[in-house]
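Structure first, then comments.
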Amino acid sequence: MGKRLWVVAAGLALAFTGAVGGAHWLSETRRVAAAEPQIDDEAMIARGAYIARTADCIACHTAPGGRPFAGGLAMETPVGAIYSTNITPDPATGIGTYRYADFRNAVQAGVRRDGTPLYPAMPYTSYAIMPEADMQALYAYFKGGVAPVAQANAAATIPWPMNMRWPMAWWQWLFAPAREFVAPEGADARIARGAYLVEGPGHCGACHTPRGLAYQEKALSLADGDAFLSGAVIDGWRAKSLRGEAQGLQSWSEAEIVAFLQTGRTDKVAAFGAMADVVAHSTRYFAQADLDAVAAYLKQLPPAAGRINAFPPKTDATTAALQAGRYETRGAVLYMEFCAACHRADGKGMPRVFPALDGNSAVFAESPQSLIQITLEGGTMPANDRGEMAFAMPAFRTLSDDDIAAVVSFIRGAWTNQAEPIVPQEVGHMRKFLAGKAPHVVVNGPEDKKGD
């Protein structure tokens, strides 16, 4: 018996050694050499700054109240928080000592300068399709257009043994292949450009594509599978389906998509949560042609399989009842007490000021997480370049789980909306999730805005 145990132990030790050694070998094979480009050209740096906007680097690598690109943003995962890193050119705590090959390997292959694989919170699976010229311009910008900030990187809160990095090399082997951009079949130049921005630097799939058991995106393009951009839950927010179904973008026009990406609002909806950061730091800086291209690409995407293409007609009976003082449910009473002053009895709100609740795709989304979270925590619209005020939604966390469930259920089924009610347990789950979120790390104040 003792000899058998020794044999088993030796076998396990050998397998573990092989797994670790294989992981290191895999990481090394992902790293490639690259010549150092000339990066002192101002036009190249300016182009890199625009590419960084399309890639939304600042939103993840800047904590609220922190210095641009200095990291410290807490990103929640099912097993703990990961903190974004300092990507300023500071030589001690940032990427100041990175050569171009180091930079490209981290951004596109997910392998750090020291050979450590990166967590997939970094969307290197999307950045992998960016062309060499864009990567060089991006490198030039981070080396010559971003102010260095001395801010140490925070350690993830993921517990051992799940925080071991070497298994990520095997994850990358399975789910992060080297790939190039392939335009959709039959696409014209505008659709192809939109597809590239969505699949590549814009990394829309990182939030809007569901993930599998290993936290991998189930599809990296529509050619990879029908799950692409079909909606997901991330950080407690429901990232809506961007496909052409009733709970996706079926009811949106191309002009509305452009307006939303440019200003964070349309006549019906407003961006809150993580999407507000995307608009504030990234999409509002897109060139008009790129906004048009993204909108055109998204609007031609088909509905995901099994989804409702369009809701059946429904007559609005809610407005007349509320205006007549007929509050037939607890949710109706709460709506008139706390919501109607801004969103009105007819649920239409005020265009581009107070979002509509009737016909708002965030309201009748299949998953209610976003509606629950915004009700509990409130939020602020992103800034835009049209001089429109960034209106805020107040937090209603002092209401009970029962009351929030009642008012959210009322809104999801009122007017012409056709969505399922929610239960108090869903509110309690969200409240617990929000209470347990890791805090962001900010060492330096926002004194230097060079990178913003």
Side-chain angles (χ1 to χ4, degrees), residues 47 50-56 59 123 126-131 134 179-209 217 219-232 239-271 275-276 278-305 307-310 352 359-362 365 382 384-386:
R47 182 164 171 265
Y50 180 73
I51 294 168
R53 289 295 189 188
T54 66
D56 199 20
S126 297
Y127 294 157
I129 68 173
M130 294 173 65
D134 283 9
R179 61 194 191 98
E180 296 181 353
F181 173 65
V182 178
E185 187 176 354
D188 60 21
R190 185 171 70 147
I191 298 294
R193 174 64 177 173
Y196 166 73
L197 289 168
V198 168
E199 293 177 21
H203 61 279
C204 303
C207 291
H208 291 273
T209 297
E217 292 175 48
L220 297 174
S221 70
L222 192 59
D224 288 340
D226 193 55
F228 184 60
L229 301 180
S230 63
K240 70 184 274 84
S241 170
L242 301 182
R243 304 284 290 278
E245 63 244 15
Q247 292 168 313
L249 292 179
Q250 182 270 335
S251 63
W252 291 52
S253 68
E254 285 189 31
E256 286 175 322
I257 296 172
V258 168
F260 182 78
L261 295 175
Q262 200 168 48
T263 68
R265 65 193 83 183
T266 70
D267 286 352
K268 281 188 177 181
V269 306
M275 193 62 206
V278 172
V279 173
H281 298 303
S282 178
T283 57
R284 74 181 175 117
Y285 295 97
F286 278 27
Q288 187 65 50
D290 282 346
L291 289 170
D292 293 341
V294 168
Y297 169 70
L298 292 177
K299 275 302 292 183
Q300 57 86 52
L301 291 175
R307 300 288 177 84
I308 303 170
N309 288 7
R352 306 188 65 81
N360 185 326
S361 56
N384 64 50
D385 299 320
R386 294 189 180 183

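Each residue takes its place number in the sequence, starting with 1.
- The shortest side-chain heavy-atom distance between Met275 and Leu261 falls under the 4.5 Å cut-off.
- Asp134 is listed as a side-chain neighbour of Arg47, based on a closest heavy-atom distance under 4.5 Å.
- The backbone N or O of Leu229 sits less than 3.5 Å from a side-chain atom of Thr209, completing a donor-acceptor pair.
- In this structure, Phe286 and Thr54 approach most closely via the heavy-atom pair CE1-CA, 3.5 Å.
- Heavy-atom minimum distance, Thr283 versus Leu291: O-CD2, 3.7 Å.
- Using modelled atom types, one side-chain atom of Gln300 and one backbone atom of Tyr297 make a donor-acceptor pair closer than 3.5 Å.
- Annotation: side chain of Asp290 is in contact with side chain of Arg193 (closest heavy-atom distance under 4.5 Å).
- Gln288 places a side-chain heavy atom less than 4.5 Å from the side chain of Gln262.
- Residues Met130 and Pro201 form a side-chain contact, since some pair of their non-hydrogen atoms from C-beta on lies under 4.5 Å apart.
- With a 4.5 Å cut-off on side-chain heavy atoms, Lys240 and Leu249 count as touching.
- Side chain of Arg352 to main chain of Arg265: a donor-acceptor pair is present (N/O by atom type, distance under 3.5 Å, no hydrogens or angles).
- The minimum heavy-atom distance linking Gly359 with Lys268 is given by the pair O-CD, 3.8 Å.
- Judged by distance alone, with hydrogens and angles left aside, the side-chain atoms of Arg243 form no donor-acceptor pair with the main-chain N or O of Gly231 at under 3.5 Å.
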*Residues Ser230, Arg307; criterion side-chain contact (heavy atoms from CB on, under 4.5 Å); working and verdict*: CA-CA 9 Å; Ser230 63; Arg307 300 288 177 84; 3.9 Å; yes
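- Inter-residue side-chain proximity for Arg179 and Ile129 is flagged as met; some heavy-atom pair is nearer than 4.5 Å.
- Nearest approach of Ser126 to Glu217, heavy atoms of both residues: OG-OE2, 4.4 Å.
- A donor-acceptor pair under 3.5 Å is absent between the side-chain atoms of Arg284 and the main chain of Pro382, judged by distance alone.
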*Assess whether side-chain contact (heavy atoms from CB on, under 4.5 Å) is satisfied between Glu199 and Ser221, documenting all intermediate values.*
CA-CA 6 Å; Glu199 293 177 21; Ser221 70; 3.6 Å; yes
*asked:* Between Trp252 and Leu298, does the side-chain contact (heavy atoms from CB on, under 4.5 Å) criterion hold? Intermediate values first, please.
replied: CA-CA 10 Å; Trp252 291 52; Leu298 292 177; over 6 Å; no
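- Contact annotation: the side chain of Asp56 approaches that of His281 to within less than 4.5 Å [non-hydrogen atoms, C-beta and beyond].
- Considering all non-hydrogen atoms of both residues, Ala271 and Val279 come closest at CB-CG2, 4.4 Å.
- Glu245 places a side-chain N or O within 3.5 Å of a backbone atom of Ala304 that can act as its donor or acceptor partner.
- Atom-to-atom distance recorded for His208:NE2 and Leu242:CG is 4.5 Å, nearest 0.5 angstrom.
- Counting all heavy atoms, side chain and backbone alike, Cys207 lies closest to Ala239 at O-CB, 3.2 Å.
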